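Taking it in order: structure first as structure tokens, then the write-up.
Lettering follows sequence order; numbering is per chain, from 1. Model, not experiment: these values are computed from the prediction.
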2 protein chains.
Amino acid sequence: MNEDLADLKGTERMTNSGYRLTPQRRHVYGILLQKKDHPTANEVFLRAKQALPDISMATVYNCLDALVQSGLVTQVNLDRGATHYCVNMEDHCHFHCDSCDGIFDVDYRSEWAKAQIPMPAGFSITHFQVALRGICSACAAHLNRSQVPRDGDPGRGENGVAIPIKIVGKEGPLGKGKSARPKQT
Amino acid sequence: MNEDLADLKGTERMTNSGYRLTPQRRHVYGILLQKKDHPTANEVFLRAKQALPDISMATVYNCLDALVQSGLVTQVNLDRGATHYCVNMEDHCHFHCDSCDGIFDVDYRSEWAKAQIPMPAGFSITHFQVALRGICSACAAHLNRSQVPRDGDPGRGENGVAIPIKIVGKEGPLGKGKSARPKQT
DNA sequence: GTCAAGATTTGGAATAATTCTAATTATAAA
DNA sequence: TTTATAATTAGAATTATTCCAAATCTTGAC
């Protein structure tokens with residue numbers, strides 16, 4: 001199961017990073033492996049409570065930080081809203097759809113891109129992230145038709161899977177940090 | 001002066017984007033031009049109050065959003081903390097120093113990098129951002145000596161300028177979303 | 001010049017995200 | 001078993017951001 005996998009993969013990297021692999025950390029890691037939809041800390045917390053009713057929000061933040069520091073998870077900071085977490089440690093970038101707020105993993109080899117960056121002398125890079133924004137194929141298809149209110153929960157794509165969206169008579173739900181644009185004259 | 005420049009550059013792009021260039025928006029844009037140090041909304045607010053004592057936080061957020069929507073400013077989301085704002089609209093990426101929290105602009109032509117990304121059919125990219133993390137040259141130099149507490153305010157680099165830092169007897173001040181690592185045995 | 005409509009600003013409240021604190025529990029090493 | 005340290009917990013506090021209603025400002029029509 002995913003938590004077995006979490007056990008196998010997590011122990012070594014965590015203890016090597018100076019952290020203990022506690023039941024809570026194994027569980028949080030398992031949650032991230034189980035549904036790779038870039039959840040926020042709050043979503044992880046709600047999911048974690050199902051098997052660990054007494055887990056606290058502080059512990060979830062502690063677990064996520066430990067996983068990040070251990071190189072098992074990365075933070076994805078898209079806009080002014082809550083941070084998302086990604087458990088896919090293969091080289092890739094994230095695509096964020098401005099219409100449905102979906103987050104998609106996109107395969108991307110970054111070694112050569114890094115090599116092209118003219119870093120000033122003395123700087124050392126430890127992390128490299130590419131973030132894309134735009135409109136996913138599902139939303140593009142819908143926006144090319146008429147904008148009709150549709151049912152369906154906006155959510156986050158999982159490894160490129162298009163997802164149902166809700167269009168509400170204007171330019172989709174706005175991401176955090178994006179107030180409604182005035183009508184153009 | 002910078003606000004004159006803000007006036008010239010902002011008017012066209014804002015009205016073309018459906019926004020009015022109000023005195024508040026011009027002032028906020030001028031603040032970003034005046035000191036390109038990737039300030040947060042709160043820092044912009046504090047600076048803005050010096051010339052506009054009655055400006056409110058909601059207005060600052062509104063102004064920043066309008067500037068972003070108009071393509072005059074970009075959001076920089078580095079960690080779990082507050083969003084930063086960048087007024088440099090030339091193609092570049094950001095380097096975030098994990099030791100001093102400085103943010104540095106790094107020249108980087110991204111066109112060919114974009115071309116290398118295998119986007120699934122139907123996706124359209126409107127924004128592309130590269131984020132780097134690591135240790136800047138100044139912090140690397142200090143960390144290579146002994147870790148001695150030094151005075152000086154950590155701050156954000158401005159276009160690659162190294163800045164004084166404060167090392168506090170451990171691995172520098174931690175960024176948001178990074179609790180202290182336990183001592184390694 | 002007046003009026004209406006819509007955009008924007010304001011002050012403050014509310015919400016959301018995250019961090020902090022102190023006490024307790026768990027774990028590992030001696 | 002004891003001790004030291006890491007981790008968890010519950011809840012409070014802080015920070016970041018959004019929302020609301022009223023007021024103000026701006027623009028276009030008349």
Item to complete: Mind listing the closest non-hydrogen atom pair of B/Ala140 and A/Gly122 along with its distance?
Response: CB-O, 3.7 Å
Discussion item. Determine whether a donor-acceptor pair (N or O, by modelled atom type, separation under 3.5 Å) exists between the side chain of B/His92 and the backbone of B/Glu90.
Written reply: yes
Practice prompt. Kindly say if B/Thr83 contacts the phosphate of D/dT17, meaning a side-chain N or O under 4.0 Å from OP1 or OP2.
Written response: yes
Worksheet item: When the C1' atoms of the five terminal pairs at each end define the local axes, what inter-axis angle does the helix from C/dG1-D/dC30 to C/dA30-D/dT1 show, to 10 degrees?
Response: 30°
Please list, for nucleotides 8-12 of chain D, all pairs of protein and nucleotide N/O atoms separated by less than 3.5 Å.
from   : atom 1 : to      : atom 2 : distance (Å)
D/dT8  : OP1    : A/Thr22 : OG1    : 2.6
D/dT8  : OP1    : A/Gln24 : OE1    : 3.2
D/dT8  : OP2    : A/Asn62 : OD1    : 2.9
D/dT8  : O3'    : A/Gln24 : NE2    : 3.4
D/dT9  : OP1    : A/Asp54 : O      : 3.4
D/dT9  : OP2    : A/Ser56 : N      : 3.3
D/dT9  : OP2    : A/Thr59 : OG1    : 2.9
D/dT9  : O5'    : A/Asp54 : O      : 3.3
D/dA10 : OP2    : A/Asp54 : O      : 3.2

Fill in: Any side-chain heavy-atom pair of A/Val76 and A/Tyr85 under 4.5 Å
no
Fill in: B/Tyr19 side chain, from C-beta outward: closest of C/dA26, D/dT17, C/dT8
C/dT8
Item to complete: Compute whether any side-chain donor of one residue and acceptor of the other, for B/Asp105 and B/His38, lie under 3.5 angstrom apart.
Response: yes
Discussion item. Any side-chain N or O of B/Arg80 below 4.0 angstrom from OP1/OP2 of C/dT19?
Written reply: yes
Worksheet item: C/dA13 C1' sits how many Å from B/Tyr61 OH, rounded?
Response: 16 Å
Worksheet item: What's the CG-P distance between B/Asp65 and D/dA16, to the nearest Å?
Response: 16 Å
Worksheet item: To the nearest angstrom, how far is A/Asp79 atom CG from D/dA16 atom P?
Response: 16 Å
Worksheet, complete the sentence: Correct closest heavy-atom pair for A/Cys139 and A/Cys97 would be SG-SG, 3.8 Å
Worksheet item: Rounded to the nearest Å, what distance is computed from the CD atom of residue B/Gln69 to the P atom of nucleotide C/dA7?
Response: 14 Å
Worksheet item: How far apart are the C-alpha atoms of B/Arg47 and B/Asp37, what are their side-chain angles, what is the distance that settles it, and do they pass the salt bridge (Lys or Arg N to Asp or Glu O under 4.0 Å) test?
Response: CA-CA 13 Å; B/Arg47 294 176 196 174; B/Asp37 61 339; 2.9 Å; yes
Item to complete: Select one nucleotide: of C/dA26, D/dA16, C/dG6, the one nearest the side-chain heavy atoms of B/Ala82.
Response: D/dA16
Worksheet item: CG of B/Asn77 versus P of D/dT15: gap in Å, rounded?
Response: 20 Å
Fill in: Contact check, side chains of B/His94 and B/Phe104, non-hydrogen atoms, under 4.5 Å
no
Donor-acceptor pairs under 3.5 angstrom involving side-chain atoms of residues 52-60 of chain B: please list them, not counting sequence neighbours.
from    : atom 1 : to      : atom 2 : distance (Å)
B/Ser56 : OG     : B/Thr59 : N      : 3.3
B/Ser56 : OG     : B/Thr59 : OG1    : 3.1

Worksheet entry | Euclidean distance, atom CG of residue B/Leu21 to atom P of D/dC25 [Å, nearest integer] | 17 Å
Discussion item. Quick one: does any side-chain atom of A/Gln129 pair with a main-chain N or O of A/Gln75 as donor and acceptor, under 3.5 Å?
Written reply: yes
Practice prompt. Could you tell me the separation between the CE atom of A/Met14 and the C1' atom of C/dA28, rounded to a whole number of Å?
Written response: 17 Å
Practice prompt. Could you state the atom-to-atom distance from CG of A/Leu67 to P of D/dA7 in whole Å?
Written response: 12 Å
